[in-house]
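So the structure is just underneath, and the comments pick up after that.
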Amino acid sequence: VYKRQGDLAQMAAALDRYQFDLVFLDYHLGVETGLEALALVKAHGRQKDAIPIMVTSVGEHDIIVEAMRSGCADYLIKDELSAESIRKSVTMAIERNLLLAVITSEHSTRASLAETVDRFSRASAPDMRAIMAAMMRRVRSLRGDAATNPNVARNLQGLEDDCANLFGYLDEVNGLVAVARDAVDGKGVPRPPRLE
């Protein structure tokens, strides 16, 4: 536990010196604000796992909203400070960070999967399509011979059906690539619930 009142320069020195699990930021710091302090914590490489909690006055709803948008895990109202409110805030902040870590991990897994499917699609699909198109042309050219032999006709129909199934499979792979790209771009990634 490190408690220090001061300016941003002193805070920056403390951030350089210690690694924090929780950082309580008072919005009123004199010349600077808690939002500036929050930006300092969020930008500090050594404090990437620190959980920031803003402490504000009762009527500062716009500051609370801005703090949450800027990466604060939770907030406390000075007039309502108690052991229970601090415990609840810390618990909610930790739960929120865990949820965000799970979402980030899921996003990373989706990005990796999307990249793999995309590589497969770009590397294999064009060659497979060319091979199947050539097979289809050969099958169609043999249709005339198949008129005299029912076994040949049945086998040719089976080949055509297999080629059509492979074309469908390649279309599904292309669809998966599009879905994976949307998920990686954030269109399909679930958003964490708002904590208020």
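None of the values given here were measured: they were computed from a predicted structure.
Side-chain contact between S85 and E80 is absent, with no heavy atoms from C-beta onward closer than 4.5 Å. Side-chain contact between H61 and T56: absent, with no pair of heavy atoms (C-beta onward) separated by less than 4.5 Å.
F24 and L8 are members of different hydrophobic clusters when ILVMFWY side chains are connected at heavy-atom separations under 4.5 Å. Hydrophobic clustering of Ile, Leu, Val, Met, Phe, Trp and Tyr side chains at less than 4.5 Å, counting indirect connections, unites I51 with V55. Cluster membership check: V90 shares its hydrophobic cluster with L81, using side-chain heavy-atom separations under 4.5 Å among Ile, Leu, Val, Met, Phe, Trp and Tyr. I53 and I63 fall into different hydrophobic clusters, where Ile, Leu, Val, Met, Phe, Trp and Tyr residues are linked whenever their side-chain heavy atoms come under 4.5 Å apart, directly or through other members. Connection of F20 to Y75 is established within a shared hydrophobic cluster, with ILVMFWY side chains joined at heavy-atom distances below 4.5 Å, either directly or through further cluster members.
Checking side-chain atoms of S89 against main-chain N and O of L76 turns up no donor-acceptor pair under 3.5 Å. A donor-acceptor distance shorter than 3.5 angstrom exists from the side chain of Q47 to the backbone of L15, with no hydrogens or angles considered. Under a 3.5 Å cut-off, the side chain of Q19 and the backbone N or O of A50 do not form any donor-acceptor pair.
Classification of D74 and K88 as a salt-bridged pair fails, no side-chain N sitting under 4.0 Å from a carboxylate O.
Of all non-hydrogen atoms in A67 and M54, the two that sit nearest each other are CB-CE, 4.0 Å. G71 approaches P52 most closely through the heavy-atom pair O-CG, 3.6 Å.
In this view, D21 satisfies the salt bridge (charged side-chain N to carboxylate O under 4.0 Å, His left out) rule with no residue, not counting sequence neighbours.
Atom CG of L40 sits about 5.5 Å away from atom CE of M11, to the nearest 0.5 Å. The CD atom of E84 sits 4.0 Å away from atom CZ of R87, with the distance rounded to the nearest 0.5 Å. Expressed to the nearest 0.5 Å, how far CG of L35 lies from SG of C72 amounts to 8.0 Å. Distance check, rounded to the nearest 0.5 Å: CG of L22 to CD1 of I94 gives 6.0 Å. In this structure, CG in L38 is found 10.5 Å from CE in M68, a value given to the nearest 0.5 Å. Going from atom CD1 of I77 over to atom OG of S82 covers 12.0 Å, rounded to the nearest 0.5 Å.
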